[in-house]
Amino acid sequence: RILITGAFGQLGSEITDELRTKYGESNVVASDISKDHPKAKEGIFEYLDVTDAERLEEIVEKHGITQIYHLAALLSSVGESKPQMAWDINMNGLVNVLEIARKRNLDKVYWPSSIAVFGPDSPKQDTPQNTIMNPTTMYGISKLAGEKLCEYYHAKFGVDVRSIRYPGLIGWKALPGGGTTDYAVDIYHKAVNNEPFECFLAKGTALPMMYMDDAVRGTIELMEAPAEKIKVRTSYNFSAISFTPEEILASIQKIVPELEMTHNPDHRQGIAESWPQSIADDHARKDWGWTPEFDLDRMSEDIIKNLREIYYAQKEA
Ligand code: VAH
């Protein structure tokens, strides 16, 4: 049975739905720190603050958990406003999950890392799997430390923990929670509501990005791969597309020509500039057959189609 932490977050919402569809609702336990979320009524739910090791053990025991998808964390932008809390949640949450996996010999653990583990002196284009990594955000520091901790728990205790360095994830089912790539979700909502879009990043700021459908599929493919294929036990580089704000604008304008964008860079500009512009994911492709399916235009078509249905349904309601 699978436990998901951070199940109501941007990624958690989508992975929870997919795992319930794939393995059956009774085999997936969603947990989150927000109790009164509408998704708490869909399937099995447990309140969990991942820094509470006892509560985590109680849930694992009660439900006979054999796998944990540990998605609870503070992202890059919100992490810079509360760096001590970001370290506490991101690191102690992970320690608690790895410890329970070790003590109870769980089958597998999934834990997301990020391209935020790279810093200003990492190569900007086609950033390789192994290179200079001097992150300048607390989020990136916690992810880099987390990768080393995962590698240690696998080498020393045999914990089968697997990880992916996600680029910016873009989906329509759930809103993002405090990241630097959130602008690329917000722009679609403005497009379908015929509102002007103000971008918090400057023109020309390219970042690695991926459609949520690709990220969810790739994550589950990694978790279902035979253990002997997983050669990277820090975290796999993962890539699909890379674009600037004006490139995603142009893609959306093919469907919503009247969409307009202005720029008003804020503190997230500095974070974005410290990150790579594109990622080389040859190890994921070679070790477990990763291939993305969505390019920018196909992603735009899919998101706008789905958001229009949602907003239309809301107007009719
Ligand atoms: C963030 N969406 O912006 C996350 C992600 C690469 C970006 O880690 O913090």
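What you are looking at is a predicted structure, and each value in this text was computed from that prediction instead of being measured. Both counts, for ligands and for their atoms, begin at 1 and track the order of listing.
- With ligand atoms numbered from 1 in the order given, ligand 1 contributes 6 (C) to contacts under 4.0 Å with heavy atoms of P167.
- For atom 4 (C) of ligand 1, the closest non-hydrogen atom of the protein is Y139 OH, 4.0 Å.
- Regarding atom 6 (C) of ligand 1, its nearest protein heavy-atom neighbour is I115 CG1, 3.3 Å.
- Contact check for L75 versus Y139: side-chain heavy atoms found under the 4.5 Å cut-off.
- The six-membered or imidazole ring of W275 lies away from that of F118, with a centre-to-centre distance of 6.0 Å or more.
- Checked against the 6.0 Å centroid threshold, W288 and Y236 count as a close aromatic pair.
- Remark: minimum distance from atom 9 (O) of ligand 1 to any protein heavy atom is reached at S76 OG, 2.7 Å.
- Of the protein's non-hydrogen atoms, T181 OG1, 3.1 Å is the one closest to atom 2 (N) of ligand 1.
- Considering only heavy atoms from C-beta on, H63 comes within 4.5 Å of E46 through its side chain.
- Taking the six-membered ring where tryptophan is involved, the planes of F8 and F45 are essentially parallel, since the angle between them stays under 30° and well short of 60°.
- In terms of N/O distances under 3.5 Å, ligand 1 is not approached by D182.
- Within 6.0 Å of NZ in K231 there are more than 12 heavy atoms belonging to other residues, nucleotides or ligands.
- Near S114, the atoms of ligand 1 lying under 4.0 angstrom from a non-hydrogen atom of the residue are 5 (C), 6 (C), 8 (O).
- Within the 4.0 Å heavy-atom cutoff, A116 does not count among the residues contacting ligand 1.
- Against a heavy-atom cut-off of under 4.0 Å, Y166 is close to the following atoms of ligand 1: 6 (C).
- Between W275 and ligand 1, not a single N/O pair is under 3.5 Å apart.
- The shortest side-chain heavy-atom distance between D160 and R233 falls under the 4.5 Å cut-off.
- Salt bridge present: E221 and R217 bring a charged side-chain N and a carboxylate O closer than 4.0 Å.
- Under a 4.0 Å criterion applied to the non-hydrogen atoms of L75, ligand 1 contributes the atoms 9 (O).
- For K124, the NZ atom counts as densely surrounded, since its 6.0 Å shell holds more than 12 non-hydrogen atoms of other residues, nucleotides or ligands.
- The distance from ligand 1 to the heavy atoms of G179 drops below 4.0 Å at these ligand atoms: 1 (C), 3 (O), 9 (O).
- Closest protein heavy atom to atom 3 (O) of ligand 1: T180 N, 2.7 Å.
- Taking every heavy atom of G168 and a limit of under 4.0 angstrom, the matching atoms of ligand 1 come to 6 (C).
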